[in-house]
Protein chains: 2
Amino acid sequence: MSTYDTFTEDLKRIAALGSISGLLEWDEQVNLPPESADYRARQSSAMSELVHREATRSQVGEWLAELKEDTSLDLDQQLVVSEAGKEYDRLTKIPADFVSRKAELTSLAFHAWGKARADNDFASYAPYLERNLELAKEEASYLGRADDPYDYWIDRFDPGMDATSIQRIFKGLKDELVPLVRQILDSSIKANTDCMKDFPVDRQETFLREVTERLGFNYRRGRIDRSLHPFCSGNAFDTRMTTRFFKDNPLDSLFSSIHETGHGLYEQGLPHEHIGTALGEAAGMAVHESQSRLWENQVARSPEFWKFWEPVYRETFDQQLSGVSSHDFYLAVNSVALNPIRVDSDEVTYNLHILLRFELEKALFDGSLAVSDLPEEWNRLSEQIVGLRPRNDSEGVLQDVHWSGAAFGYFPSYCLGNLLAAQLWYALLEQVPSVPEEMAKGNFSPVLDWLRTNVHQHGRRRFALELSKAVTGQDLSHVSLIRYLRERYLPLYSS
Amino acid sequence: MSTYDTFTEDLKRIAALGSISGLLEWDEQVNLPPESADYRARQSSAMSELVHREATRSQVGEWLAELKEDTSLDLDQQLVVSEAGKEYDRLTKIPADFVSRKAELTSLAFHAWGKARADNDFASYAPYLERNLELAKEEASYLGRADDPYDYWIDRFDPGMDATSIQRIFKGLKDELVPLVRQILDSSIKANTDCMKDFPVDRQETFLREVTERLGFNYRRGRIDRSLHPFCSGNAFDTRMTTRFFKDNPLDSLFSSIHETGHGLYEQGLPHEHIGTALGEAAGMAVHESQSRLWENQVARSPEFWKFWEPVYRETFDQQLSGVSSHDFYLAVNSVALNPIRVDSDEVTYNLHILLRFELEKALFDGSLAVSDLPEEWNRLSEQIVGLRPRNDSEGVLQDVHWSGAAFGYFPSYCLGNLLAAQLWYALLEQVPSVPEEMAKGNFSPVLDWLRTNVHQHGRRRFALELSKAVTGQDLSHVSLIRYLRERYLPLYSS
């Protein structure tokens, strides 16, 4: 075997070990008996330590050194080597004692956050958050990024992106989105979701299974289970999604499942033979999110989607929907309302929540905002950007889990994913004009096939910016998302 | 930290890693999507390789060498060191290439066995079985047991036992059990299980959950799920049982669950702080099986058990049991009939199946029986010992999975467990005479408390033979089991 082949076999073996850590987490969310959490923490930490040790063996460094000089490698192979080298650097340059200190401190911070949110007591959490910010900066410094720690974190989630480019994109978005939200909210037409009550959970489950299967999720290599918060984990060989059910909010479980199906379809579309290398891994979080959003929003909130599914849905829930007109039902699917909570927000106002968080993260990292001033600044900016002021910190600055785990720079990916989804959507409609008509007949494979060809099969060959340019011919920007939101929502909310 | 403390911390860490392999297997049986098996095999093999590497580090050998000379260790600590040393020897003396060759060959043999059983074609499987026998002998030879390979295997499952001592015990059992079976089968009284039809699975599930919880299974640190074959895995921190459901055979799922609960209660009763060392591990398979059998048979087939549970059972299944008298129901719970299949046999005839397999294993290992002659010898001995001749090899020599995995010497543990269970049962009744009365009131904690004190809390301090002597004052023998079977079954089947 060539060094390259030996090396990639080792990458795949380490990925298989990493996937075991993933399974431990899945099982923790889905199956773990209530008092087994301590032992699971011990299993997970023993496992992470082993995977870390395997991935940082000096042998790996030797292979990398040799392969970086190997002029016979083609472009794909060079990508595999450079991406693996970047990860090896990260794992070896960050001291082991920092890793375990960070794990311990963020675990404490997570519990402090949970308590602070329950008690509406930001002050008790502030010292943890300050320390998390320091940890994030310290980690960046080990990678030689002491001068631009926020950019280091953004690049970790979305390679090639930085705060400056995001700032430019978000500026354009904000200028057009804020008035659009205002226009929709000012409409005298209001969606009414009161009809969505008392939907038996077993029937919700049957329906969403049928939908997600028809969208293309491969249940022969995947599952859907229940957990407190929906997520998708695993890889193409074994993709595990979760959802949750509310009797009085059936659209939550349905759209959550479709969202996770989007993530799952991406994972299942990555080239199986390359899983564990850059050619078989997702191209960053914005791209991942673009896949979940495209299915959740562009596809599943479309009139064509419901043209096909409404009769099935009505048959499943005939009593519940008996007095509801098609128009009112479709409006409920596309209801828009200000909500202080990001994860409960609709696709129009959701992006405002991200703009808010990006501004705050930037200010925390450049030192212009102290953690102690964060709640007030959150509330002030929330009023200005989102359009409402949280009633308290629990539904304001304390609402998200991310910072408690020192995960800064992650929020922008959600919004970048929304932008990319809209951009991909118009490229798809242009290249395959029959998509709406096919969807109306219940045929979603033209969508999936196009995503497989243009996104999934490329692994990390194209990160968000390159992908956008290569597939849509346009730079990543707000233009398509704004166009999409106008086209979808203005007709609905114009009297 | 002392060397002993450092060493046991490492044992516990390795046990936590081993428990991850266990979880992968549990997940494979309970959750794995149908086409994900290949990847699971890859994950499991990568994991086993890592655990093996961790457990055979030269550092472990150095600690062991030092601790074997350490005269300050108490008896418990000496046990931990000697048991760990035995395992280290096994792992280091067996060459790595043998381990992977065996894994590969037994995997092939397993598939060949499945096909041969389906096709009723022993000849196609015979070469695999021959090779498995050679593998078993080869493994024994690495541990210096080339002269008594069968004893090596028996000792692996039940330390301290060998073929000679089992032979002596089984001889006594056979002499009394064969005529007892004849006596019961000759009775004009026959159990009728025809009434056990059409029991809704969800209600079966509710009932067995209530039963197993009341027996003492801690669901805050455990679960029960469904799988093709019932099993119990995990450890005290997270105990995972499974069962299966048949609408027309509710006693199967109920007694399977109680059996697995017996295993689970044992695991949950091992000292948590010692898990990973000999003080927190099960004392061999016979002891493990004694725990499952005691709950399944001595407890759950008793009149006192059903005095408490029958009203609940009738309430749960009022329609199904409406025309069935208490006596007929209790007879159905304790039905006895010859069955060619071991796992479908009742507690009386079950042991005959083990006597048969023990004779055959001995003959295979001492060379007096060739694999090619095995089917005929199986049938001949089956007629003589069990009392019926299988109609074909699928329900004869091909019925069990064990040999296809080169697991020889395991079958005797099942019967030894039955003997020990009966012996423990009489010791319990003598020491805590109120047990039957308490069980009739639905109070099973006197049983569990006694097992905790006399069996569970001791880990591997007492293997089957010592345990029997220490707790019951008697050598392990057939006496109590025969007494128990006579006392339970003769009154029922005497007209």
Side-chain angles (χ1 to χ4, degrees), chain A residues 9-28 30-55 57 202 217-225 234-241 264 268 272 275-276, chain B residues 9-28 30-55 57 202 217-225 234-241 264 268 272 275-276:
Chain A
E9 271 315 297
D10 194 61
L11 287 180
K12 290 173 188 174
R13 181 181 67 87
I14 292 168
L17 293 171
S19 74
I20 297 172
S21 287
L23 190 77
L24 289 174
E25 282 170 44
W26 173 86
D27 182 82
E28 182 167 356
V30 173
N31 295 317
L32 200 71
E35 291 180 9
S36 302
D38 280 4
Y39 194 65
R40 178 51 47 89
R42 194 160 154 184
Q43 292 171 310
S44 292
S45 115
M47 191 69 207
S48 309
E49 195 192 303
L50 264 198
V51 177
H52 186 272
R53 202 191 302 168
E54 287 298 301
R57 286 160 24 245
D202 57 340
F217 187 82
N218 182 358
Y219 280 101
R220 297 182 311 284
R221 283 195 187 271
R223 306 174 46 91
I224 187 161
D225 292 272
N235 61 26
F237 296 114
D238 185 359
T239 319
R240 308 257 173 133
M241 314 190 286
Q268 294 188 330
H272 291 36
I275 285 173
Chain B
E9 273 313 299
D10 195 61
L11 286 180
K12 290 172 189 174
R13 181 181 66 87
I14 292 168
L17 293 171
S19 74
I20 297 172
S21 287
L23 190 77
L24 288 175
E25 282 170 44
W26 172 86
D27 182 82
E28 184 168 354
V30 172
N31 295 317
L32 200 70
E35 292 179 8
S36 302
D38 281 5
Y39 194 64
R40 178 51 46 89
R42 195 161 152 182
Q43 290 170 311
S44 292
S45 112
M47 191 68 207
S48 310
E49 195 192 303
L50 264 197
V51 177
H52 186 273
R53 203 191 304 169
E54 287 299 300
R57 286 162 19 248
D202 57 339
F217 187 82
N218 182 357
Y219 280 101
R220 297 183 309 286
R221 283 193 186 273
R223 306 173 47 92
I224 187 161
D225 292 272
N235 60 26
F237 296 115
D238 184 0
T239 318
R240 307 255 173 135
M241 312 191 288
Q268 294 188 331
H272 291 35
I275 285 172

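Note that these values count all heavy atoms, side chains included, but never hydrogens, waters or copies made by symmetry.
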Visitor: Which residue in the set B/Val30, B/Ile224, B/Leu23 passes side chain to side chain contact (heavy atoms under 4.5 Å, CB included) when paired with B/Arg240?
Guide: B/Leu23
Visitor: Rounded to the nearest 0.5 Å, how far apart are CD1 of B/Ile275 and CG of B/Asn235?
Guide: 5.0 Å
Visitor: Against chain B, label A/Asp225 side chain, backbone, both or neither, depending on which of its atoms sit under 4.5 Å from a heavy atom there.
Guide: neither
Visitor: Look at A/Leu24, A/Leu50, A/Thr239, A/Asp38 and state which one has the largest set of heavy-atom pairs under 4.5 Å with chain B.
Guide: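 Of the candidates given, the most pairs with chain B belong to A/Leu50.
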Visitor: I'd like to know if B/Arg53 and B/Glu49 make a salt bridge, using a cut-off of under 4.0 Å between side-chain N and carboxylate O.
Guide: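 So B/Arg53 pairs with B/Glu49 through a salt bridge.
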Visitor: Check A/Arg223 with B/Asp27, please: is the shortest side-chain N to carboxylate O separation under 4.0 Å?
Guide: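 Judged by the 4.0 Å cut-off on N to carboxylate O distance, B/Asp27 and A/Arg223 do not form a salt bridge.
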Visitor: Is it the backbone or the side chain of A/Leu32 that comes under 4.5 Å from a heavy atom of chain B, or both, or neither?
Guide: both
Visitor: Looking only at heavy atoms and a cut-off of under 4.5 Å, which of A/Asn31, A/Asn218, A/Ile14 has the most pairs with chain B?
Guide: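 Maximum pair count with chain B is reached by A/Asn31.
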